[in-house]
Amino acid sequence: MRKLLPVLVFALSAQVYASDFDLKATMKQIKVEFNHAAQAEQITEMQAAVANLSQLVEQSKLGEYPPEKTELYLEGFNKLSVALDTVEDKLADGDLLAAKAALKRVDALREEYHDKRNPSIWSKLFS
């Protein structure tokens, strides 16, 4: 039993550590992958970056957020998933230019949801 206790403690602490989610770090990684996708000159390069983006967005959906912002965050992540699916479809069709155009929707969503997440004082006053 004494040998089992340290193993159980380690397993439980690993589980707690694994369940922690750092949204800020994930957003930084999303930015890196987005830039890789935007700068890609070949379909395979862009496919890899978009696949990584999609994976990061799916991980983000599983994070725990403040109750007052959970719905907003999930709405944004769901819209990102749809936009990334469109980019992936264009890449599957072999159309790099159309995929890059569709990637602009991802950037527009970034701007939209960053503004919704942190509204300016002016929008709070005049809305």
Just by distance, do the side chain of Lys116 and the backbone of Gly76 share a donor-acceptor pair under 3.5 Å? no

Test side chain to side chain contact (heavy atoms under 4.5 Å, CB included) applied to Val50 and Glu33, step by step: CA-CA 7 Å; Val50 170; Glu33 294 299 335; over 6 Å; no

Search all heavy atoms of Leu23 against all heavy atoms of Ser60 and return the closest pair with its distance. CD1-OG, 4.4 Å

With side chains defined as the heavy atoms from C-beta onward, is the minimum distance between Gln39 and Glu45 less than 4.5 Å? no

Could you pull out the closest heavy-atom pair between Ile43 and Asp95, with the gap in Å? CD1-N, 4.2 Å

Which heavy-atom pair separates Ser81 from Glu58 by the least distance, and what is that distance? OG-OE2, 3.1 Å

Hey, does the Lys NZ or Arg CZ of Lys69 hover above the aromatic six-ring of Tyr65, less than 6.0 Å from the centre and inside 45° of the axis? no

Within 6.0 Å of NZ in Lys28, more than 12 heavy atoms from elsewhere: no

More than 12 heavy atoms from other groups under 6.0 Å of CG on Leu97: no

Does a sphere of radius 6.0 Å around CD in Glu41 hold more than 12 heavy atoms from other residues, nucleotides or ligands, not counting ones at 6.0 Å or beyond? no

Are His36 and Asn52 side-chain neighbours, meaning at least one heavy-atom pair lies under 4.5 Å? no

Does Tyr113 reach the side chain of Glu75, with side-chain heavy atoms less than 4.5 Å apart? yes

Any side-chain heavy atom of Asp107 sitting closer than 4.5 Å to one from Arg110? yes

How close do Ala37 and Ala49 get, heavy atom to heavy atom, and via which atoms? N-CB, 3.6 Å

Check the hydrophobic clustering (I, L, V, M, F, W, Y; side-chain heavy atoms under 4.5 Å; chains of links allowed) and say if Leu109 and Val32 are grouped together. no

Taking 4.0 angstrom as the limit, do Asp93 and Lys90 come out as a salt bridge? no

Is the closest side-chain heavy-atom distance between Ser54 and Leu80 below 4.5 Å? no

